[in-house]
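See below for the structure under consideration.
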Amino acid sequence: MKLDVDVLRYLSKDDFRVLTAVEMGMRNHEIVPSELVHRIASLKHGGTYKVLKNLLRYKLLHHDSSKYDGFRLTYLGYDFLAIKTLVNRGVFTAVGRQLGVGKESDIFEVAREDGTVLAMKLHRLGRTSFRAVKSKRDYLRHRNSYNWLYLSRLAALKEFAFMKALEDHGFPVPNAVDCNRHCVIMSLVQGYPLVQVNQLQNPDSVFETIIGLVVRLAEHGLIHCDFNEFNIMIDDDEKVTMIDFPQMVSVSHQNAQMYFDRDVECIFKFFRKRFHLNFQETTDGDDGSDIDTDEGSRLSFASISKTAGFLDKELAASGFTRKDQVVIQKFIGGSIEESGSDDEGSDDGNESETNETNVDGLDSLHLAEQDVIHKNPDLNSKKEGVSEENQQNSEAGQGSEHDRHNASDKEDDNETVNENDAELMKRIEKQRRRAVSAVRGGRKSLASRNSYKDKGGKSSNNSKIQKQLNNW
Ligand code: ADP
Ligand code: MG
């Protein structure tokens, strides 16, 4: 989905008033009846109609007349509400280029008044789940009503709360700046995802740092659950930052051991393959023979002294409640396939891009197809390529980036490659080539490292947009 912030320039106070009216109506209605929109917005006679037309034109609303005449917000409409609120709060003044297209998020640069650049993550739950079931429309009749916007808001809140708490405890995470609706503002991490790095000066110490993080998280009562080369950023000084927290669970989760082992295993596999670290050690067996031991299996979850619940207070302080946790945990994931870095596809550069094949126009479908996979076991079990073991895992309600990535790949295999896919593939390939040559050609400056994550989105047009936003 394209976030064309230029549209913001054409939106008036009344436009936002009506947009907000629809948002308010959506607390109780999937589709907000036109009459209710009119009433909440309470614009002068006939005013709302004109505004609605404008909002539809920019795809900020979706019109639905299947049951009755009504409207709902699209992700784009939700984006604009969040952006406007954050701009009004003075959190940032301009939206710049796109940094990444995640499986269930879009990341943009935003700029503060003083020119400081931050990262804005817009959560987009439902994007992949919708894709996962769109070839299986039969199941959609079992769908339960669910609001993707609401779930995205919870995911953002959870991410913000965890990031803040982790930061307070000295973990290397982005600085959590602010959060509104489905949008998280954080500091911009220098460097790029580990998956894009082919050479390290000190692979051993980077490996140790990363594994140390998994252990320290567990000591603080937490498991990342998606700890892999896509969610670890590294800079020129080989300083590590971890990102992407909506799927984190407590060490008291019933599948904690499995998630912990999987996180650890992902890192071992990746370092073994990419940096040829050799973890096989030879020790003497009882009978005097040599036996191989894998260090991965020696990192035992049971042996870590964990303080479950340690972060609870901090999380609650950010407004993220236990109830929120239960709701979001039920939803996030939903499909687990083979995880790990053994998929050479990870060499394809930024996972975020390869994850996404065709999102244009999907925003208007998210709420129309209000299906919830976790409430319909059939959907999970019928998904292509889901191994039996992993299906069981999926019932635990968690999925990793790898899982989601792989699931998406398989879906994509089954789908006709359309023009958008071709265009995207071209961009991915170009980026991959740039990434590879950047690594081969020696170290580049931080700025240039970051620059190849640019997906050709609109470059910052700070002053123009800033002026417009300030006017609201
Ligand atoms: P998702 O949940 O969709 O996987 P992530 O949080 O992992 O989203 O972000 C997707 C990509 O966006 C990352 O791989 C990284 O390239 C980029 N990104 C995310 N957060 C930041 C940040 N704070 N600074 C710079 N780049 C970021
Ligand atoms: Mg990620």
Side-chain angles (χ1 to χ4, degrees), residues 1 3 75 92 96-111 116-129 131 151-152 154-156 158-160 162-164 166-167 171-179 182-197 224-235 239-248 263 266 328 331-333 339 341 346 348-356 359 398-408 428 431-432 434-435 446-447 449-455 457:
M1 192 190 72
L3 174 66
Y75 262 119
F92 61 86
R97 66 183 180 145
Q98 188 157 5
L99 287 171
V101 184
K103 186 82 166 152
E104 295 189 299
S105 75
D106 287 320
I107 322 277
F108 293 86
E109 278 184 354
V110 291
T116 317
V117 178
L118 303 169
M120 168 172 79
K121 178 166 176 176
L122 296 163
H123 286 260
R124 308 236 185 268
L125 262 69
R127 178 191 269 176
T128 50
S129 307
R131 288 174 51 73
L151 287 166
S152 294
L154 279 191
K158 178 173 179 184
E159 176 143 58
F160 180 75
F162 275 71
M163 211 186 307
K164 219 171 172 35
L166 289 170
E167 185 188 2
F171 282 88
V173 296
N175 168 237
V177 176
D178 207 340
C179 175
H182 62 321
C183 173
V184 179
I185 307 294
M186 60 187 124
S187 60
L188 185 75
V189 179
Q190 297 299 313
Y192 37 24
L194 194 56
V195 69
Q196 293 179 0
V197 177
H224 187 286
C225 283
D226 207 358
F227 202 66
N228 55 49
E229 63 275 23
F230 301 107
N231 291 326
I232 295 167
M233 307 278 287
I234 188 153
D235 70 8
K239 181 179 167 293
V240 162
T241 308
M242 56 179 180
I243 57 167
D244 203 358
F245 313 103
Q247 66 294 314
M248 285 185 87
D263 278 359
C266 270
I328 194 77
F331 178 77
I332 286 192
S339 65
S341 326
S346 55
D348 282 355
N350 190 341
E351 121 284 0
S352 312
E353 296 171 289
T354 49
N355 278 342
E356 199 57 75
V359 291
Q398 293 291 321
S400 76
E401 180 134 12
H402 263 310
D403 307 330
R404 299 197 295 266
H405 179 51
N406 292 343
S408 164
I428 291 165
Q431 285 215 335
R432 193 188 67 80
R434 270 202 248 156
L446 284 182
R449 277 190 160 204
N450 271 332
S451 69
Y452 66 68
K453 286 187 291 185
D454 190 353
K455 303 201 165 43

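In listed order, ligands and their atoms are each counted from 1. Note that the coordinates shown come from a computational prediction; the quantities given were computed from them, not determined experimentally.
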Check: V189 N/O within less than 3.5 Å of ligand 1 N/O: yes
Value for CE (M242) from CE (M233), rounded to nearest 0.5 Å, stands at 14.0 Å
Candidates A119, P174, G191; heavy atom nearest atom 21 (C) of ligand 1 found on A119
Hits for side-chain contact (heavy atoms from CB on, under 4.5 Å) against V177, two or more places apart or cross-chain, chain-then-number order -> V91, R112, L118, N175, I185
Taken in chain and number order and not counting sequence neighbours, the residues that satisfy ring pair (Phe, Tyr, Trp, His ring centres under 6.0 Å) with F160 are none
A student checking ligand 1 against S105 at a 4.0 Å heavy-atom cut-off should list atoms 1 (P), 2 (O), 3 (O), 8 (O)
Checking D106, D244, D178 against K121 for salt bridge (charged side-chain N to carboxylate O under 4.0 Å, His left out), the one that qualifies is D244
Quick note on ligand 1: atoms under 4.0 Å from a heavy atom of P193 include exactly 14 (O), 16 (O)
So, regarding E159 and ligand 1 (criterion: nitrogen or oxygen to nitrogen or oxygen, under 3.5 Å), is there a contact or not?
no
- Item | Heavy-atom donor-acceptor pair, H182 side chain to L151 backbone, under 3.5 Å | no
Using 2.8 Å as the threshold, say whether any N, O or S atom from S105 sits that close to the Mg ion (ligand 2). no
Do L166 and M248 come within less than 4.5 Å of each other through their side chains, counting heavy atoms only? yes
At under 4.0 Å between heavy atoms, what of F230 touches ligand 1? The answer is backbone
Any heavy atom of L188 under 4.0 Å from ligand 1? The part involved is both
Taking the non-hydrogen atoms of Q190, is any one of them nearer than 4.0 angstrom to ligand 1?
no
For G102, the ligand 1 atoms with a heavy-atom partner under 4.0 Å come out as 3 (O)
Angle subtended at the Mg ion (ligand 2) by N231 OD1 and D244 OD2, to the nearest 10 degrees, is 90°
Rounding to 0.5 Å, atoms SG (C179) and CE (M186) come to a distance of 10.0 Å
Among Q98, E109, K121, M186, the residue with a heavy atom nearest to atom 20 (N) of ligand 1 is M186
Any heavy atom of S187 under 4.0 Å from ligand 1? The part involved is backbone
Any heavy atom of E104 under 4.0 Å from ligand 1? The part involved is backbone
Interatomic distance, CD@E229 vs CD1@I234, rounded to 0.5 Å, equals 12.5 Å
Taken to the nearest 0.5 Å, the spacing of Q247 CD from F227 CZ works out to 11.5 Å
Report task. Return yes if some donor-acceptor pair links the side-chain N/O of T241 with the main-chain N/O of P172 below 3.5 Å, else return no. Result -> no
For M233, the ligand 1 atoms with a heavy-atom partner under 4.0 Å come out as 15 (C), 25 (C), 26 (N)
